[in-house]
Amino acid sequence: MKLYLVQTETPQERQIIAAWLTTQFEDRADDDGRLVVDLADEKLHEILADADDLLVEPLRVVWLPENEDDRPLTRLGAAIARRGNRRTRSGAQRLIMRGGTDRYQVLVGKPATVGELRSRWESSGSRGGFGRFVERQAVLALDRAERALIGSQYKVARYVVEEITASPRFRTGVERLADELDLSVDEVQQRALAALNQMVAAQSRRAIDAWNRLGRYFARAYKLVVDDRGADSLRSLGQKYPLVFLPSHRSYLDPLVLRPALLAHGLPLNHVMGGVNIDFWPVGPLTRRSGYVFIRRSIADDAVYRWVLREYMGYLLSKRFNLEWYIEGGRSRTGKLRPPRYGLLTYLAEAFRSSGVEDVYLVPVSLSYDQLYEVGLMAEEAHGGTKPAESFAWLLRFNRAQDSQRGVVQVRFGEPLSLRDALADEPDTRLAVQKTAFEVSHRINEASPVMPRSLVTLALLGIEDRALTVAEVASVLDPLVAYFASRELADRSALGLADDRGVRQTLDDLAGAGVVERYDKGIEPVYRVGPDQHLVAAFYRNNTIHFLVVRAVAELMLQAVSEASPDDVLDYGWNAALALRDLLKFEFFFSDKEAFRAELHRELALIDPSWRSRIADPDGAATLLGSLRVHLAHRVLQPFLEAYWVVAQRLAARDPRTPVETKAFTRECLDVARQLRMQQQLASTESISGELYATALKLAANRDLVDPGREELRTAREAFAAEIDAWVRRVRAVRALALAEPDHVAPAVTLSARRPGVSRS
C-alpha cells in the first residue's frame with residue numbers, strides 16, 4: 001500500500017498534482033492500494049499509526065527556472081515571479097501554465113516505509129510527534145530531489161530551530177547553563193530560543209534568485225576572473241566534508257563577487273556569517289532569506305548567545321552546509337590583510353570538537369580588485385574621517401558609484417586547511433585557533449595575484465612628489481617584474497607591463513581614476529601620485545606588498561650591517577633582521593624563525609649568490625646595497641616605520657602617568673604628523689594614517705608601553721622611540737640611494753646587482 005504525501009500551496013499546484021495522480025491511477029485498474037494526503041492534513045498522524053508497511057512517497061510541483069537575462073536587473077520584480085519557485089503567486093503560476101508544461105513538473109521524493117521513518121524518529125531522540133517528523137522528512141526528501149534537478153545553489157536548511165531545540169543535546173545544554181548562570185531553565189530556554197530565531201537564516205528559492213540577480217547588478221562594474229582549477233577541486237572536496245570559506249575583505253561587494261564564482265562551479269550556497277550592521281531594509285530581509293546569518297557585534301558577555309552560536313554552527317557542520325565569513329573582521333583600509341579575528345574561528349573549533357563531524361576544511365580565498373570605489377572613502381577614514389553608517393540612502397549612493405566600468409576582480413583559492421589536523425597539532429584550543437588563523441591569512445596572501453596597478457603604484461610611491469616618465473617607471477618595473485617571474489608569481493606578458501606601451505596604459509588608467517596625476521605640457525608626459533591620493537595608491541600597492549617584505553628586510557639588514565661593521569657580520573645581521581621582524585609582527589604575516597631565515601637567505605642570494613663572503617669585507621654590505629638595480633625598502637616599509645616613529649615619539653613625549661585614550665591619541669598623532677610632513681620631517685605622506693597608528697599602538701601595548709606608569713615607563717618609551725628612529729634613518733638611507741639621479745636609463749632584466757651604466761631607481 002502506498003501513501004502519496006502531497007505538498008501544495010496554490011490551486012494551480014493542486015490541479016497539476018491531481019492531473020498527475022489521475023495519470024498514475026489510470027495505469028492500474030485497482031487503485032485501492034493508494035492514499036493521497038496533504039502534507040498539512042491534521043489527520044496524518046492517525047493514518048501513520050500501526051501502518052509500518054505503508055510506503056510513503058512525497059510529491060511536490062517544482063517550478064523550473066527560466067533562462068538568465070544578460071541584464072541582471074531587467075524587470076526584476078517580474079523575473080522573480082516568473083522564475084518559478086513554489087511560493088510564487090497564484091496568478092504568476094497561471095501565466096506559466098498557459099505557456100506550456102516546460103516550466104514545471106511533478107517531483108517525487110525518495111520513498112520510505114512508515115516503519116523505517118519510525119525507526120529514524122526514535123533514534124533521533126526528538127521530542128516532537130511522529131507525524132511532524134514525517135512531514136519534515138518528506139520536505140527534506142523533496143528538497144534533495146529538487147536540488148538534483150535545478151542545482152545545488154538551492155540547498156537550503158529547513159526546520160533548523162525545531163531540530164536543534166528538539167534534540168536531547170539542546171535540553172542538556174540549557175540545563176547546564178541554567179545551573180552555571182544561576183538562572184531558571186525556562187529563562188535560559190527563552191533566551192536561547194530568541195537568539196536562535198534571530199541568527200538562523202530562513203532561506204527560500206525566491207530570495208536566493210533575487211539576491212543573486214541583485215548581486216550581479218551591484219557588481220556590474222567588474223569582470224569576474226575565477227581560479228577554475230581551484231574551484232573544481234573544492235567541489236570534489238565539498239562532496240565529502242563541509243567547507244568554511246575565509247576570504248580577504250576589500251569591499252562591500254565581496255559576498256556578491258564570491259557567490260556567483262562558487263555557484264558557477266557547482267558549489268552550494270554558503271551560510272555567510274556577518275555583522276548586524278547590514279541588517280537594514282531592504283537588504284536585511286532579503287539577505288537573511290538567502291543564506292546570511294546576522295551575528296551581534298559584541299557577545300563576549302552573553303554566555304547563552306555564545307552557546308547558541310556554537311550549537312548552530314555545529315548543526316550546520318553536521319548537515320554539511322558550507323560556511324563563509326571574513327577572517328579580518330572588517331574591510332582592509334590599507335589594501336593588505338588585517339590581523340585575523342579569532343572569535344568565529346574559536347566557536348567553529350568548539351563546535352567541530354563537539355559535533356562528531358569527521359573533518360572540516362578551511363578555504364583561504366583571495367579577492368583582488370584592480371580598482372575600487374571605496375578606497376577613497378577608506379583613505380578619508382584613515383586620515384581621521386568618520387565612517388558613514390550603512391543605510392538605504394548609503395546603499396543607493398554605493399550603487400550609483402558602480403555605473404562606470406572599473407575593471408577586473410580576481411577570485412583565487414589557497415590550499416584548503418584541515419581543521420582536524422590543525423587542532424590535533426595543538427591541544428590548547430586558544431593557541432591552535434591563533435596558529436590556524438595566521439596560517440589561513442598566510443595562504444590568502446600566497447594565493448593573491450600580482451596585479452599591474454599594484455606594481456605601478458609601487459614604482460611611484462616612496463619618492464613622494466617626484467614625477468617620473470614612462471621610461472623611468474619602466475626602469476623600476478623591469479627588474480621587479482623579472483623578480484616576480486623568477487618566483488613564478490606573475491608572468492610578464494600577462495601583466496601587460498612588458499613594454500612602455502603597457503606601462504603607459506596602466507599609468508593612464510590610474511590617471512583616469514584620479515589616483516595618478518599626469519602632466520603632458522612639457523617635453524614628454526610625466527606621472528606622479530595625485531594630491532591627497534597617497535593612501536589610495538598605497539591601497540593598490542599593498543595588494544602585492546606581502547611578496548616583497550622579506551626583500552625589504554634584507555635591504556635594511558644590509559644597511560644596519562654597513563653602519564655597525566660588527567665582528568660577527570652574519571650574527572649581527574640575523575639579529576637585526578629578527579628585531580625588524582618583531583617590530584612589524586602586527587603588520588605582516590611572517591613565517592616562523594627557521595622559515596624566515598631561509599626566506600631571508602633566498603633574498604640575499606638573489607641580490608648576490610656570494611653574499612656571505614662579500615659582506616664579510618669591511619665595506620661589503622654597503623657595496624652590495626649600493627649595487628642594486630632597484631631598491632624596495634623605502635617603497636615597502638618606510639610608511640609603516642615612519643607611522644610607528646610618530647606614535648613612539650608622541651608616547652615618549654607624554655607624561656607616563658597620563659592614561660592613553662586611543663581616539664584622542666590617534667587624533668594627536670594625525671595632527672602632529674601633518675605638521676611634520678609639512679616641515680618635511682616625514683618623507684612619506686602615507687604615514688599620516690590612523691590605521692597605521694592603531695597597529696603601532698597595538699605593538700606598544702604588547703611591549704607594555706601604553707598603560708600609565710612611573711619613570712621606568714618613560715625610559716622604556718624613549719628606548720622604543722630610539723629603536724624605531726634607528727630603522728627610520730636606515731630606510732631613509734636606502735631611499736637616498738634610490739633617488740640618486742642616473743645619467744642613463746636602461747632596461748633591467750634581473751633583481752640582482754647593478755651593472756655599470758644602469759639606473760638605480
* For residues Ser354 and Arg310, is any side-chain donor paired with an opposing acceptor at under 3.5 Å? -> no
* **Cationic N near anionic O, under 4.0 Å, Lys336 to Glu587** => yes
* Any chance you could measure Leu243, atom CG, to Leu267, atom CG, to the nearest 0.5 Å? => 7.0 Å
* Start with the C-alpha distance between Glu350 and Arg306, add both sets of side-chain angles, then the distance that settles salt bridge (Lys or Arg N to Asp or Glu O under 4.0 Å), and finish with yes or no. => CA-CA 11 Å; Glu350 294 170 349; Arg306 295 198 310 273; over 6 Å; no
* Asked: Can a donor-acceptor pair be found between the side chains of Tyr326 and Glu324 at a distance below 3.5 Å?
  -> yes
* **Close side-chain approach of Met313 to Phe352, heavy-atom, < 4.5 Å** => no
* Structure fact -> CZ (Phe413) and NE2 (His265) are apart, to the nearest 0.5 Å, by 7.5 Å
* Do Arg229 and Asp232 sit within salt-bridge range, that is, some charged N less than 4.0 Å from a carboxylate O? -> no
* Asked: Which distance, rounded to the nearest 0.5 Å, do you find between the CD1 of Ile327 and the OH of Tyr342?
  -> 9.0 Å
* Do Arg296 and Asp302 meet the salt-bridge criterion of a basic N to acidic O distance under 4.0 Å? -> yes
* Any side-chain heavy-atom pair of Leu337 and His546 under 4.5 Å -> no
* Which pair of non-hydrogen atoms, one from Asn543 and one from Gly335, has the smallest distance, and what is that distance? -> OD1-O, 2.9 Å
* To do: Hey, could you give me the CD/CG distance between Gln410 and Leu367, rounded to the nearest 0.5 Å?
  => 10.5 Å
* Side chains of Asn322 and Tyr361: is there a donor and an acceptor less than 3.5 Å apart? -> no
* Asked: Do Glu439 and Arg443 meet the salt-bridge criterion of a basic N to acidic O distance under 4.0 Å?
  -> yes
* Asked: Could you give the distance from CG (Leu317) to NE2 (His271), rounded to the nearest 0.5 Å?
  -> 11.0 Å
* Do Pro416 and Leu234 come within less than 4.5 Å of each other through their side chains, counting heavy atoms only? -> yes
* **Lys585 atom NZ, neighbour heavy-atom count above 12 within 6.0 Å** => yes
